[in-house]
Amino acid sequence: MRWWVAVTRTTDVVVEAFEAAGVETVFGFPCEQMDPYYASLAESDLRHVLARSEASAALMADGYARAARTLGVVDGVSGPGAAYIGAGLSEASGASSPVLALTGGNDRATRGNGVIQDADNEAVLEPWTTSTADPESPTRAVEAVQRAVRTATATVPSPAHVNLSEDVLGGDVASNEAADDASDEPAASSFLRGDVDASYPRERPEPSADAVVDVLDLLAGAERPVVVAGEGVVRADATAALARFARTADVPVVTSMNGKGAVAETEPHALGVVGRWGFCRVANDALADADLVLGFGTRFGELTSVGWSLVPEDAPLVHVDLDPEWLGRNYEPAVGIRADLRATLDALADAVDADAPAGADARADRVASLAADREAWREEHRDDLTSDRSPIQPQRVVHELNERIPAEGVLVSATSFPGFFSGAFYETEEPGLRYLQARGSDGINAALPQGLGVQAARPDAPVVVLSGDGGIGYHIADLETAAREDLPVTVVVTNNESLGSSKMSQMATHSVDQSTDFDPSVDYAQVARGFGCEGERIEDAERVGPAIEDAIASEEPTLLDVHVDPFAAPPLLVD
């Protein structure tokens with residue numbers, strides 16, 4: 001036996017840490033500061049997707065993290081690159097999505113001396129991350145990356161950041177190794193402090209037995225209970241448990257906008273989106289009339305609660321969330337449970353199944369009645385959903401998306417008008433991540449890059465992006481990314497030649513219309529073809545459905561420029 005010192009490139013170990021964690025695809029915008037990292041990527045099995053900006057790459061990593069249920073990784077240059085990454089991380093931060101940002105830093109000996117792209121990258125990204133690090137040596141860099149992987153995916157997911165300076169990236173990691181004379185060189189894994197699993201959630205803390213009993217006691221005395229399900233249910237992979245609890249306890253379910261997919265929206269107990277924008281009236285009425293509110297993985301934010309006015313003040317409230325920052329933050333719960341959502345919902349469903357609460361029969365009748373009311377509400381909108389009018393009604397576009405996207409597909413919607421229309425009228429047929437909207441930041445810019453990240457994570461699933469003409473302008477260059485990387489997303493642009501939501505707001509509040517119109521001669525389909533995608537301009541309502549179906553079937557990135565009625569309004573509640 002002999003002892004000797006083994007060395008390997010720092011970046012090789014960093015890349016192996018990602019591979020060991022289960023990451024298969026990373027995103028970024030290369031810079032000279034990180035050349036050693038890209039050299040290591042080139043020799044690995046990881047796929048690196050070049051986005052057209054660091055902001056796009058961060059949003060792609062966010063979409064990937066949500067769809068793959070593992071860590072998303074984004075890389076970019078110091079200074080302006082870090083700032084752009086921050087713009088993308090604002091969504092991941094607000095939505096509890098595990099994205100690890102790697103920034104290239106200038107050599108530590110030259111920082112602050114006028115070197116190009118110099119910045120305090122930790123300070124730039126600190127507002128959007130749970131942890132940030134600027135390691136001073138190769139060994140510390142490896143430790144920082146592994147620690148960031150753990151931090152980003154432990155308990156409540158969140159973004160993290162590691163700054164890697166040129167002198168650190170260019171160094172080697174040394175390790176004392178014991179070996180026989182005939183042994184081979186040690187693998188790079190010998191430099192890691194154990195493999196880190198980047199899937200989430202890794203831990204599922206259970207609720208206390210007393211808390212479960214307390215919830216059942218409240219449920220036994222309730223005639224009109226309502227579940228409010230948020231994105232946390234999808235993130236915790238608790239959709240099956242929620243469906244079982246809702247069926248067993250005969251409790252209707254309303255969701256936040258990004259809670260769509262917490263239950264299959266074709267089920268009788270599913271009432272649709274609740275809140276201020278893009279809601280179902282039956283969902284709002286049911287919550288306003290509730291005598292018990294059960295909040296699972298929701299923050300009870302301003303939009304979901306209509307300015308904290310929709311939840312009845314005299315109704316006891318149960319709030320279950322793993323995140324202590326949001327548990328009971330907006331409403332004081334009668335029962336607050338900090339635990340894993342799937343474990344809690346399983347425990348509640350088991351308890352209800354073992355001891356059916358009083359009033360269950362009456363609640364079953366109520367679920368059936370509310371399901372009929374929801375169907376009647378959709379029927380009220382049937383004319384718009386199936387309208388042949390020109391300009392095309394946005395509701396017709398959503399109706400065709402409902403008809404053409406397979407159950408296993410994912411609709412990634414922009415916020416603003418596309419999100420309001422799809423929130424109200426698009427129905428997920430299967431639970432899970434079947435719908436995504438950038439409600440973590442409310443940015444209208446996220447849909448296209450998020451959709452590309454989802455497509456990278458789920459190459460065999462149909463992914464459709466629904467954007468307005470305002471939102472698509474932010475990252476339209478990433479149509480080239482889609483073509484180059486063979487990411488066959490279908491992009492549907494509801495083109496009303498304006499910032500429709502801003503126009504409506506200005507007109508309603510001040511009777512003005514300032515800087516909300518776009519040049520009507522812009523041809524987004526032609527732009528798409530210029531980037532190497534398929535493109536079609538659509539002005540006939542009868543063409544919308546077949547065009548969506550053709551685009552999905554083509555397995556080529558395709559943009560459909562659908563010209564819609566600029567005066568069509570989605571379901572909105574305004575003060």
Side-chain angles (χ1 to χ4, degrees), residues 25-31 47-64 74-76 81 84-85 87-88 397 401 409-414 418 436 438 443-459 461-497 518-539 543-544 547-564:
T25 304
V26 298
F27 306 84
F29 197 97
C31 59
R47 177 187 187 184
H48 186 276
V49 173
L50 165 62
R52 295 301 295 260
S53 75
E54 293 89 349
S56 289
L59 289 164
M60 290 178 195
D62 169 50
Y64 176 88
V74 56
D75 59 70
Y84 283 129
I85 287 176
V397 177
L401 292 170
V410 183
L411 177 62
V412 182
S413 176
L436 177 59
I444 69 172
N445 60 318
L448 177 57
Q450 276 185 325
L452 295 177
V454 171
Q455 188 73 84
R458 299 185 181 178
V463 177
V464 177
V465 171
L466 177 65
S467 177
D469 47 334
I472 200 65
Y474 278 84
H475 298 297
I476 196 167
D478 277 304
L479 291 172
E480 186 272 336
T481 305
R484 168 174 32 85
E485 295 287 342
D486 193 23
L487 298 170
V489 295
T490 296
V491 182
V492 179
V493 178
T494 47
N495 184 351
N496 59 12
E497 299 174 358
F518 297 118
D519 186 338
S521 68
V522 174
D523 187 338
Y524 293 99
Q526 183 174 329
V527 172
R529 291 191 292 271
F531 279 122
C533 301
E534 299 297 319
E536 181 179 349
R537 179 184 175 102
I538 300 175
E539 296 177 316
R543 177 56 189 155
V544 175
I548 293 171
E549 188 168 332
D550 292 346
I552 292 173
S554 74
E555 298 186 355
E556 298 288 338
T558 303
L559 183 142
L560 305 176
D561 183 5
V562 184
H563 286 251
V564 299

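Atoms considered below: every heavy atom in the structure, side chains included; atoms not considered: hydrogens, waters and symmetry mates.
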S.K.: Ignoring hydrogens and geometry, is there a side-chain-to-backbone donor-acceptor pair from N495 to D561 under 3.5 Å?
M.R.: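 Checking the backbone N and O of D561 against the side chain of N495, no donor-acceptor pair under 3.5 Å is found.
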S.K.: Start with the C-alpha distance between E485 and Q455, add both sets of side-chain angles, then the distance that settles side chain to side chain contact (heavy atoms under 4.5 Å, CB included), and finish with yes or no.
M.R.: CA-CA 10 Å; E485 295 287 342; Q455 188 73 84; over 6 Å; no
S.K.: Do you know which two heavy atoms are closest between A547 and I538, and how far apart they sit?
M.R.: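 Smallest heavy-atom distance, with atoms named: CB-CD1, 3.5 Å.
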S.K.: On a heavy-atom basis, which atom in C533 and which in P557 lie closest, and how many Å separate them?
M.R.: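 Reported closest heavy-atom pair: CB-O, 3.3 Å.
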S.K.: Are the side chains of V74 and E54 in touch, meaning some heavy atoms are under 4.5 Å apart?
M.R.: no
S.K.: Just verifying a value: how many Å separate T490 OG1 and E555 CD, rounded to the nearest 0.5 Å?
M.R.: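 So the gap between those two atoms works out to 10.0 Å.
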S.K.: Which heavy atom in T494 sits nearest to a heavy atom in P418, and how many Å separate them?
M.R.: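 Of all heavy-atom pairs spanning T494 and P418, the closest is OG1-CG, 3.8 Å.
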S.K.: For the OH atom on Y84, are there more than 12 heavy atoms of other groups (residues, nucleotides or ligands in this structure) within a distance under 6.0 Å?
M.R.: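 Check fails, neighbour count at 12 or below.
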S.K.: If every non-hydrogen atom of R458 is compared with every non-hydrogen atom of V410, which pair is closest and at what distance?
M.R.: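 It is NH1-CG2, 3.6 Å.
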S.K.: What is the distance from atom CD of Q450 to atom OG of S413, rounded to the nearest 0.5 Å?
M.R.: 10.0 Å
S.K.: Mark yes or no for whether S521, through its side chain, and D519, through its backbone, hold a donor-acceptor pair below 3.5 Å.
M.R.: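 Not a single qualifying donor-acceptor pair exists.
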S.K.: When rounded to the nearest 0.5 angstrom, what distance separates CZ in F27 from CD1 in I85?
M.R.: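 Nearest 0.5 Å value for the CZ-CD1 distance: 13.5 Å.
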S.K.: Passes side chain to side chain contact (heavy atoms under 4.5 Å, CB included), R543 versus D550? Steps please.
M.R.: CA-CA 10 Å; R543 177 56 189 155; D550 292 346; 3.4 Å; yes
S.K.: So, do L50 and F29 sit near enough that their side-chain heavy atoms are less than 4.5 Å apart?
M.R.: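 Counting from C-beta outward, L50 and F29 do come under 4.5 Å.
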S.K.: Can you give each donor-acceptor pair under 3.5 Å made by side-chain atoms of residues 466-479, sequence neighbours left out, with the distance rounded to 0.1 Å?
M.R.:
| unit_1 | atom_1 | unit_2 | atom_2 | d |
| --- | --- | --- | --- | --- |
| S467 | OG | I472 | N | 3.2 |
| D469 | OD2 | E497 | N | 2.9 |
| D469 | OD2 | S498 | N | 3.1 |
| H475 | ND1 | S56 | OG | 2.8 |
| D478 | OD1 | R52 | N | 3.0 |
| D478 | OD1 | T481 | OG1 | 2.6 |
| D478 | OD2 | S56 | OG | 2.4 |

S.K.: What pair of heavy atoms forms the shortest contact from P30 to D75, and how long is it?
M.R.: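 What the structure gives for the nearest pair is N-OD1, 4.4 Å.
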S.K.: Answer yes or no: are there more than 12 heavy-atom neighbours, outside Q526 itself, under 6.0 Å from its atom CD?
M.R.: no
S.K.: Drop me the distance from D486's CG to E556's CD, to the nearest 0.5 angstrom.
M.R.: 7.0 Å
S.K.: Rounded to the nearest 0.5 Å, what separates atom CG in L452 from atom CG in L487?
M.R.: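 Going from CG on L452 over to CG on L487, the span is 5.5 Å.
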S.K.: Looking at every heavy atom in both L59 and G88, which two are closest together, and how far apart are they?
M.R.: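 Taking L59 first and G88 second, the nearest heavy atoms are CD2-O, 3.7 Å.
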